[in-house]
Amino acid sequence: MIDWQEIVAALELTPHHPKDLPLPPVRGAYCGDMMSDVLAHARRGDLWITIQRHRNVVAVATLVGISGVVVTGGRVPPEDTVALAEKEKLPIFSTPLDNFQAAGRLYRILAKAGLVPGIQGG
Amino acid sequence: MMEELAHHILDIARNSVEAGATRLEITVEEDTQSGVLRFVVGDNGPGMPEHVRRRMLDPFFTTKSGKKVGLGLPLLQMAVQRCGGHLEVSSAPGQGTTVVATFPYYCWDRPPLGDIPRTVVGLLAGSDQVDLCYRHVYNGQVFELDTVEIRLRLRGIPLQTPEVLLWLRQHLAESINNLCGGGEDGQDRLARRAG
């Protein structure tokens, strides 16, 4: 089981969703900025790392069953995206890290928990 | 956004067909001098009533039953906005729908045009009730293909015959290539068209 606190600290996340929003379990991760690619390849329970912050992100995340969105590069999701995410009960964060750094730090956490296929925990 | 503009064209045109259109007019316009790439997808479908038109860019709106999200136009709008282009949709009940997407030609974030012959043939293969006019304009030079004329020349052989579709795909590929990439600097031009 992945500890959200650990992810929040390691990825330097700022939440943009209501404090009382329950955070779903994280089972993996996907990193991508092209919506059609994320629709095709991300999986239910993934944390999604992206530079995109358009409200379409919320629609794609909801369709896939993403457990949370991490908007990178210090970009802050605009109000309409945040409002839509709240309505859909989708956790949404921002981080000053870029895609590579955020994915790298998350990879380490997921690998430790045995959630990266082919990589043993430890 | 999607990988190629052709994927957006396919998506929009499929919506037209699913909505009941029997004729599609697709135009791709490349103007390298003024730096504009525009595509137009027009149909003779039922058109959108006001309440649909108002929400057509809302990703959580769809007219299809059993679906929660409708991403066709929202993703196209996102692609257009990302490059500083613009999207216009005109539609009214009984008057069909026309989607015009305008992109700056030279923009790193613009998806490449992609595989138009495959898109056109894919649309035709998927529905035998549809006629399609494809027009490609490159710096004022025009190539046009209309399946109404092709059907006449086929004298009863269905357009969906695999050999016909294969020919159509090759014909489109060669014609568009001649139009846009002909001459000695063809490779260079092709590379630039890729985005």
>> Using the rule given for salt bridge (charged side-chain N to carboxylate O under 4.0 Å, His left out), can you reason through B/Arg135 versus B/Glu29, listing the C-alpha separation, both sets of side-chain angles and the distance that settles it, and then say yes or no?
In response: CA-CA 8 Å; B/Arg135 196 177 298 120; B/Glu29 242 181 286; over 6 Å; no

> Given the side-chain rings of A/His17 and A/Phe93, with only the six-membered ring counted for Trp, is the space between their centroids under 6.0 Å?
Replying inline: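 Yes.
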
> Which one of B/Gln33, B/Glu30, B/Arg110 satisfies the side-chain hydrogen bond (donor to acceptor under 3.5 Å, both in side chains) criterion with B/Tyr105?
Replying inline: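 Filter result, single survivor: B/Glu30.
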
Side chains of [X] and [Y]: donor-acceptor distance under 3.5 Å anywhere?
| X | Y | result |
| --- | --- | --- |
| B/Tyr134 | B/His136 | yes |
| B/Thr22 | B/Asn44 | yes |
| A/His54 | A/Thr81 | no |

> If every non-hydrogen atom of A/Val38 is compared with every non-hydrogen atom of A/Gly32, which pair is closest and at what distance?
Replying inline: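 It is CG2-O, 3.9 Å.
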
> What part of B/Leu71 gets closer than 4.5 Å to chain A, counting heavy atoms only: side chain, backbone, both or neither?
Replying inline: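 Contact with chain A is through the side chain of B/Leu71 alone.
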
>> Can you tell me which portion of A/Asp33 sits under 4.5 Å from chain B's heavy atoms? Options are side chain, backbone, both or neither.
In response: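 Backbone only.
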
>> Just to be sure I understand the criterion: a residue of residues 58-76 of chain A counts if one of its heavy atoms is under 4.5 Å from a heavy atom of chain B. Which ones qualify?
In response: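 Interface residues of residues 58-76 of chain A: A/Val58, A/Ala59, A/Val60, A/Thr62, A/Leu63.
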
